[in-house]
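The next block holds one structure in the form of structure tokens; read it before the comments.
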Amino acid sequence: MKKIINDLSVYLSGNNESKTILFVHGFPFDHTMWQTQVDEFSKDYKCVSYDIRGLGESPAGDGQFTMESFVDDLETILDELKLNGSILCGLSMGGYISLRALEKMQERFSAAILCDTKSDADNNEGKLKRAAGIKRINKEGLAPFTKDFITNCFSNEFKQNRKEELQKIIEKSSQFNPVGVKGCLLAMLSRFDTTMNLGKINIPTLLICGEQDTLTPPPVMKDIFHKIKKAEFVEIQNAGHMTPIENPQVVNKAIRDFLIKNKL
Ligand code: MLT
């Protein structure tokens, strides 16, 4: 079922009476990147996913986004759906949003699943890359940027063996509003570091990372793992940055084991 909350497209499925898993996607994707997880966990959980403002079917507006405004949107969804004690699951940019949400309001969640993400802010080189991305979109339109950015997110195996799937993902993201995509780049560029508060996270936290993730590689995620008290780390074989798409069976098993172990 699709619901519009504060202009955002929010998707609900599964058992309404059950605990909720709230999925926050990465950049420049939309809620459909979690389809395999939603299909699996809707069997016995309530699954909520949404399109981050500016991406998918959520409007870009003026594109003046910050990580803080993305967290405000997340909070609005929690309030509107009266969600407390849900399991927060974010990948990459969805992980940045999740880490800031945990800093601000971890009492609203019972557990967290952080996939292929990091707590550091962009360094100067990273900021310049974002700026070059914006410049490129202004000059060439969105498609060349999304093609290169998305291709870089996947492992070589995925790129070789699942060409059609990759092409579909690229085509979908190329249709997004460029204002929204650039707004997301600015929000990531200007986000702050959440590393110093990782030690304050005291809910069970599962960290998932693709063994071939070059954007947020396993050593980066292992650092986060060492700083969170109740953390578990699972490295996913045969996957790059987009673990839930690249190796969904293994990701789903890791999530299922984590939920069972922590009686969630
Ligand atoms: C993502 O997958 O959300 C992006 O790679 C995050 C980023 O560019 O920092």
Side-chain angles (χ1 to χ4, degrees), residues 22-35 37 49-56 58 65-71 73-74 88-101 112-137 142 145-155 158-159 166 169-170 172-174 176 178 180-195 207-221 223-224 236 239-248 251:
L22 174 58
F23 293 95
V24 193
H25 65 81
F27 169 89
F29 303 96
D30 68 4
H31 74 284
T32 57
M33 63 146 282
W34 295 112
Q35 197 55 55
Q37 287 66 46
S49 57
Y50 68 103
D51 290 342
I52 291 170
R53 195 173 296 278
L55 301 178
S58 289
F65 311 144
T66 59
M67 206 48 66
E68 213 55 17
S69 67
F70 286 156
V71 175
D73 280 340
L74 179 85
L88 179 62
C89 178
L91 178 135
S92 201
M93 183 174 81
Y96 308 156
I97 297 171
S98 302
L99 282 166
R100 175 60 188 141
I113 301 165
L114 301 171
C115 309
D116 304 273
T117 194
K118 59 185 172 198
S119 56
D120 311 329
D122 283 359
N123 59 20
N124 287 353
E125 193 191 337
K127 287 182 204 291
L128 286 171
K129 260 196 185 163
R130 306 277 190 210
I134 292 171
K135 196 170 168 180
R136 185 171 187 203
I137 296 168
L142 190 55
F145 170 83
T146 47
K147 180 171 184 273
D148 288 352
F149 194 98
I150 292 174
T151 303
N152 194 35
C153 287
F154 288 90
S155 65
F158 188 91
K159 283 184 266 201
L166 178 60
I169 298 170
I170 293 171
K172 187 167 213 233
S173 294
S174 299
F176 293 170
V181 172
K182 290 187 286 181
C184 290
L185 285 167
L186 284 172
M188 289 193 284
L189 184 159
S190 60
R191 78 188 190 278
F192 63 79
D193 198 305
T194 52
T195 310
L207 299 157
I208 287 177
C209 188
E211 60 161 351
Q212 293 159 50
D213 184 344
T214 53
L215 281 87
T216 51
V220 168
M221 291 215 71
D223 275 353
I224 301 182
I236 307 293
H241 186 60
M242 300 306 294
T243 47
I245 297 177
E246 293 182 75
N247 200 341
V251 167

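FYI, the numbering just counts along the sequence from 1. Ligands are counted one by one from 1 in listed order, and the atoms in each one are counted from 1 as well.
Under the 4.0 Å criterion applied to side-chain N and carboxylate O atoms, Asp122 and Lys127 are not assigned as salt-bridge partners.
For Phe23 and Tyr50, the gap between ring centers reaches or exceeds 6.0 Å.
Sorted by chain then number, the residues whose non-hydrogen atoms approach ligand 1 to under 4.0 Å are Gly26, Phe27, Ser92, Met93, Tyr96, Arg130, Phe149, Met188, Leu215, His241.
In this structure, Arg136 fails the cation-pi test against Phe145, since its NZ or CZ atom is not both closer than 6.0 Å to the six-membered ring centre and inside 45 degrees of the ring normal.
Expressed to the nearest 0.5 Å, how far CE of Met67 lies from CD1 of Ile97 amounts to 5.5 Å.
Contact between His241 and Ser92 at its shortest, heavy atoms only, is NE2-OG, 2.9 Å.
Considering only residues two or more places apart in sequence or on other chains, Asp223 meets the side chain to side chain donor-acceptor pair (under 3.5 Å) condition with none of them.
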